[in-house]
Amino acid sequence: MSYETITVEKRGKVAVLTINRPDKLNSLNQSVHAEGVAALDDLRKDDSIRVVVITGKGEKAFIAGADISEFAGQTPVTQRNLFNERTFFNSLDTFPKPIIAMINGFCLGGGNELALACDIRIASENARFGQPEINLGIMPGGGGTQRLTRLIGEGRAMELILTGDLIDAETALRYGLLTQVHPLAELEEKTMAFAEKLAEKAPVALQLCKEAVKFASRSNLDEGLRREVDLFAIVFSTEDKTEGVSAFLEKRKPEFHGR
Ligand code: COA
C-alpha cells in the first residue's frame with residue numbers, strides 16, 4: 001500500500017510506521033489519521049509482523065500535535081464526530097500486537113496522546129513533552145486527560161494540562177511517561193533492538209499479556225484478576241505454550257508460530 005502522509009516499512013518481524021510531514025513537524029492532519037488507521041488495519045492482518053514501531057520523520061519532532069491549520073471551519077459537531085470516528089488513537093488502543101512509540105523530538109498535544117495510546121514509549125534525549133492545548137484556549141481531546149492521568153498520576157497530569165508547559169525527556173522518564181531515554185544518534189538502533197527482542201516472543205502470549213495489562217487500568221482488582229485467569233487458561237492451550245515448555249526442557253531456543 002502507498003500513502004501520502006505516512007510510510008510503512010516492514011523490517012522482518014517489525015514494522016516501522018513513520019509520520020512523514022517533517023515540514024509541519026509531523027502534525028496530525030485528517031490524512032494522517034485516515035492513513036494511520038488503514039496502515040494499522042493492514043499490519044493487524046499481517047501475520048509476519050509481530051511488533052510495530054511508530055515514529056516521526058526527521059530529527060526535530062515526533063509529532064507536534066494536531067494540525068492547527070485544520071481547526072478553521074471546524075464546528076463543535078464536526079470535531080465531536082471526528083473524535084467519535086475511527087481515529088488513529090482508538091486504532092492504536094485496540095491494536096493487538098505490541099506498539100512502541102519511538103519519540104525523536106517534540107511530542108506535543110495529539111502527538112503525546114498518540115504516544116500514550118502506544119504500549120511503550122522510548123525517547124531521545126532531545127525530546128520534549130507536553131499538552132499545550134490550553135495555550136490555544138482548548139483542551140486535550142484524544143485521550144490526554146484520561147491516559148496521561150492514569151499513567152503519571154493526577155497531580156503531574158493536572159500540572160502539565162493546566163499549564164501547557166513542556167518537560168524534557170529526563171523528567172518524562174522520572175514521571176513514568178517513558179521507560180527508556182537514549183542519545184538521538186542511538187535511538188533507532190536501541191528501539192529496533194528492543195522491538196526485535198519482543199518480536200521473538202510467542203505472539204499469542206504477547207497479545208494476551210497486553211490485553212491483561214491494559215485491562216488493569218479499566219477495571220477493579222477483582223474483575224482484573226478474573227480476566228487474567230481466563231486469559232491464562234487460553235494461553236495455556238496454545239501450540240506456542242507446548243513449544244516453549246518443550247524448548248526449555250530440551251535446552252534449545254523456542255520457535256513460536258503464533259498458534
Ligand atoms: N499544526 C500545524 N502546523 C504546525 C504545528 C501544528 N501543531 N506545529 C508546527 N507546525 C508548523 C509551523 O506552522 C511551521 O510551518 P511553516 O514553516 O509553514 O510556517 C513548521 O511546522 C515548523 O514549526 P515552527 O513553529 O516554525 O518551529 P519552531 O521550532 O519555531 O517551534 C514548536 C516548534 C513545536 C514549539 C511550535 O511549532 C509549536 O508550538 N507548535 C504547536 C504545538 C501545539 O500547540 N500543539 C498542540 C495542538 S492542539
Side-chain angles (χ1 to χ4, degrees), residues 3-7 17-37 54-93 101-118 121-149 151-152 156-173 175 177-178 181 184-185 187:
Y3 302 103
E4 285 179 6
T5 53
I6 65 170
T7 60
L17 190 165
T18 305
I19 316 298
N20 190 17
R21 304 181 73 219
D23 294 351
K24 298 292 174 190
L25 304 190
N26 303 316
S27 55
L28 299 172
N29 63 9
Q30 293 188 30
S31 172
V32 176
H33 274 286
E35 293 188 343
V37 169
I54 296 193
T55 193
K57 182 87 175 167
E59 298 197 339
K60 190 166 172 184
F62 172 64
I63 300 168
D67 185 335
I68 298 169
S69 69
E70 284 189 346
F71 285 6
Q74 293 285 347
T75 68
V77 174
T78 58
Q79 274 296 319
R80 193 152 206 264
N81 288 343
L82 198 68
F83 278 117
N84 282 338
E85 279 169 19
R86 283 189 71 211
T87 59
F88 209 166
F89 306 118
N90 48 36
S91 285
L92 288 168
D93 192 42
M102 180 165 80
I103 301 165
N104 52 317
F106 286 113
C107 180
L108 306 180
N112 199 42
E113 291 173 304
L114 200 108
L116 287 165
C118 296
R121 286 153 291 279
I122 300 177
S124 54
E125 288 168 344
N126 65 318
R128 297 286 176 276
F129 302 79
Q131 296 290 157
E133 291 89 346
I134 192 83
N135 297 327
L136 300 171
I138 56 171
M139 63 178 283
T145 62
Q146 303 305 300
R147 291 199 183 93
L148 188 63
T149 305
L151 190 64
I152 69 174
R156 286 167 168 168
M158 195 70 92
E159 190 171 295
L160 285 175
I161 290 168
L162 295 188
T163 62
D165 288 348
L166 307 194
I167 54 172
D168 61 16
E170 277 309 315
T171 308
L173 183 66
Y175 280 10
L177 180 55
L178 305 174
V181 176
L184 181 59
L187 178 67

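Counting convention: from 1, in listed order, for ligands and their atoms alike. Hydrogens, waters and symmetry mates are skipped; everything else that's a heavy atom, side chains included, is used.
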Can you tell which of L148, T145, N112 makes a side-chain contact (heavy atoms from CB on, under 4.5 Å) with P140?
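The single option meeting the side-chain contact (heavy atoms from CB on, under 4.5 Å) with P140 is T145.
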Only one of I19, V32, T18 passes side-chain contact (heavy atoms from CB on, under 4.5 Å) with T5; say which it is.
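Exactly one candidate clears the test, V32.
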Determine whether the side chains of S124 and N126 contain a donor N or O and an acceptor N or O closer than 3.5 Å.
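Checked: S124/N126 side chains pair up, N/O donor to acceptor below 3.5 Å.
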Please tell me whether T78 and N81 have a donor and an acceptor in their side chains that are separated by less than 3.5 angstrom.
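Side-chain D/A pair, T78 to N81: absent.
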Just which atoms of ligand 1 are under 4.0 Å from any heavy atom in L136?
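Every atom of ligand 1 under 4.0 Å from some heavy atom of L136: 47 (C), 48 (S).
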Tell me: protein heavy atom nearest [atom], and distance?
{"atom": "atom 20 (C) of ligand 1", "result": "D23 O, 3.2 Å"}
{"atom": "atom 36 (C) of ligand 1", "result": "L25 CD1, 4.6 Å"}
{"atom": "atom 13 (O) of ligand 1", "result": "K24 NZ, 4.8 Å"}
{"atom": "atom 1 (N) of ligand 1", "result": "I68 N, 2.9 Å"}
{"atom": "atom 3 (N) of ligand 1", "result": "S27 OG, 4.0 Å"}
{"atom": "atom 45 (N) of ligand 1", "result": "A64 O, 3.1 Å"}
{"atom": "atom 46 (C) of ligand 1", "result": "P132 CG, 3.9 Å"}

So is K60 touching ligand 1 or not, going by heavy atoms under 4.0 Å?
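Flag set, K60 near ligand 1.
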Which value, rounded to the nearest 0.5 Å, describes the distance between [X] atom [atom1] and [Y] atom [atom2]?
{"X": "N29", "Y": "E35", "atom1": "CG", "atom2": "CD", "result": "8.5 Å"}
{"X": "I54", "Y": "L114", "atom1": "CD1", "atom2": "CG", "result": "5.5 Å"}
{"X": "I103", "Y": "L177", "atom1": "CD1", "atom2": "CG", "result": "6.5 Å"}

Could you tell me whether L108 approaches ligand 1 through its side chain, its backbone, both or neither, with non-hydrogen atoms closer than 4.0 Å?
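For L108, the contact with ligand 1 is made by the side chain alone.
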Other residues, nucleotides, ligands: >12 heavy atoms within 6.0 Å of E4 CD
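No, CD of E4 has 12 or fewer neighbouring heavy atoms, counting only those of other groups under 6.0 Å.
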Neighbour count above 12 (heavy atom, 6.0 Å) for Q74 CD:
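Check passes, neighbour count above 12.
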For [atom], is the nearest protein heavy atom closer than 4.0 Å?
{"atom": "atom 8 (N) of ligand 1", "answer": "yes"}
{"atom": "atom 38 (C) of ligand 1", "answer": "no"}
{"atom": "atom 31 (O) of ligand 1", "answer": "no"}
{"atom": "atom 28 (P) of ligand 1", "answer": "yes"}
{"atom": "atom 24 (P) of ligand 1", "answer": "no"}

Please check if the side chain of R21 supplies one atom and the backbone of S27 the other of a donor-acceptor pair under 3.5 Å.
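It does hold such a pair.
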N or O contact, A66 vs ligand 1, cut-off under 3.5 Å
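The answer is yes, given that A66 and ligand 1 share an N or O pair closer than 3.5 Å.
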